[in-house]
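For reference, the structure is listed below as structure tokens.
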Amino acid sequence: NAGVTQTPKFRVLKTGQSMTLLCAQDMNHEYMYWYRQDPGMGLRLIHYSVGEGTTAKGEVPDGYNVSRLKKQNFLLGLESAAPSQTSVYFCASGNSDRGENEKLFFGSGTQLSVL
Amino acid sequence: AQSVTQLGSHVSVSEGALVLLRCNYSSSVPPYLFWYVQYPNQGLQLLLKYTSAATLVKGINGFEAEFKKSETSFHLTKPSAHMSDAAEYFCAVSGGPGGSQGNLIFGKGTKLSVKP
């Protein structure tokens with residue numbers, strides 16, 4: 001049972017380049033999330049999905065797009081990377097929309113540097 | 001709107017000493033509260049969560065947290081620190097953007113160092 005797998009683990013981009021981060025979960029979770037983690041800022045929600053074919057904006061969505069074509073995959077895209085998007089990106093999946101039963105499972109992160 | 005404040009970005013304790021990491025929350029509805037731990041170069045793992053069943057919540061690795069409504073606090077404690085506890089700890093409250101209770105709002109984190 002792999003849990004939540006993120007690829008790639010590291011990436012260096014030049015300003016203006018595009019890329020896609022892939023998140024895959026094998027726990028049949030309905031809910032998936034993309035967070036970014038910056039020093040002293042904690043984790044901030046970029047986009048999330050409450051099911052296959054659905055996406056919604058989180059706290060810091062600008063400059064990112066997402067897709068959830070298959071239940072097990074949640075893709076995060078950067079169309080034109082900017083240095084401000086240098087960060088560590090975490091994907092997470094969860095098994096409930098009710099906080100009482102909520103437990104997020106996190107991937108190990110993708111470290112992205114934009115030069 | 002919900003929010004979380006963690007007091008102290010860095011906490012250092014000696015091995016065997018009490019660990020106390022502070023978290024205060026703001027919520028317009030009864031909150032669900034969580035503590036997550038992040039070891040170097042890893043994702044976050046759930047330590048414990050409060051869901052209104054009991055005010056004192058026990059988690060993994062000997063950690064526990066007490067929900068105090070009057071103080072809007074959910075501080076994390078461990079009686080005796082171990083070297084392996086060195087990590088970053090995040091407090092979180094449910095009810096983030098979009099209204100989904102599954103979305104979590106995280107505090108900025110507290111890095112715990114444990115001295116031999």
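Chain A is the first sequence line, chain B the second, and so forth, proteins listed ahead of strands; every chain is numbered from 1.
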Single-linkage hydrophobic cluster [X]~[Y], side-chain heavy atoms < 4.5 angstrom:
X: B/Y39; Y: B/V19; result: yes
X: B/F74; Y: B/I105; result: yes
X: B/L46; Y: B/F90; result: yes
X: A/L112; Y: A/F74; result: yes
X: B/L47; Y: B/V93; result: yes

Quiz item: Which distance, rounded to the nearest 0.5 Å, do you find between the OH of A/Y35 and the CG of B/L44?
Solution: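 Answer for the OH-CG pair, A/Y35 versus B/L44, is 9.5 Å.
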
Practice problem: Under 4.5 Å heavy-atom distance to chain A, tell me which part of B/Q38 shows up: side chain, backbone, both or neither. | Solution: side chain

Quiz item: Is it the backbone or the side chain of A/Q6 that comes under 4.5 Å from a heavy atom of chain B, or both, or neither?
Solution: neither

Practice problem: For chain B, find which of A/A56, A/G40, A/P39 contributes the most heavy-atom pairs closer than 4.5 angstrom. | Solution: A/G40

Exercise. Kindly say whether A/L104 contributes a backbone atom to a donor-acceptor pair with the side chain of B/Y36 at under 3.5 angstrom?
Key: yes

